[in-house]
Amino acid sequence: MSLKSTAPRVAVGAAFALGILSVLGIQQVMQPAVANQPFMESALADLQDARGNLVSAEPNKGGHRERAIELVDRAIAEVEAGIAFAAD
């Protein structure tokens, strides 16, 4: 059997295998999930609530309250970036 006569068989076999994989849903495993993100959205809501509580707290914490607000703002930005990244 020559190389010339086996090439079409290999191509047909590869196409068949890809068809089977797509029927089985294997292609979805290779693609990132863009479905809803309940845990990230919940974390975002919790961080926003925490920020509100920190803002409402008395500012007599030696600068720690302000630093905590900054850190929560950074955490909010990271969670939002993660949600946006997964949506792309």
Can you tell me how far CG of Asp49 sits from CG of Leu54, rounded to the nearest 0.5 angstrom? 11.0 Å

Quick one: closest heavy-atom pair of Arg51 and Ile76, and the distance? CD-CD1, 4.2 Å

Using modelled atom types and a 3.5 Å cut-off, is there a donor and acceptor pairing between side-chain atoms of Ser42 and backbone atoms of Pro38? no

For the residue pair Ala57 and Arg65, what are the closest heavy atoms and their distance? O-NE, 3.0 Å

How far apart are the closest heavy atoms of Ile83 and Gln37, and which atoms are they? O-NE2, 3.7 Å

Leu47 and its side chain to side chain contact (heavy atoms under 4.5 Å, CB included) partner, picked from Val79, Leu71, Asp73: Val79

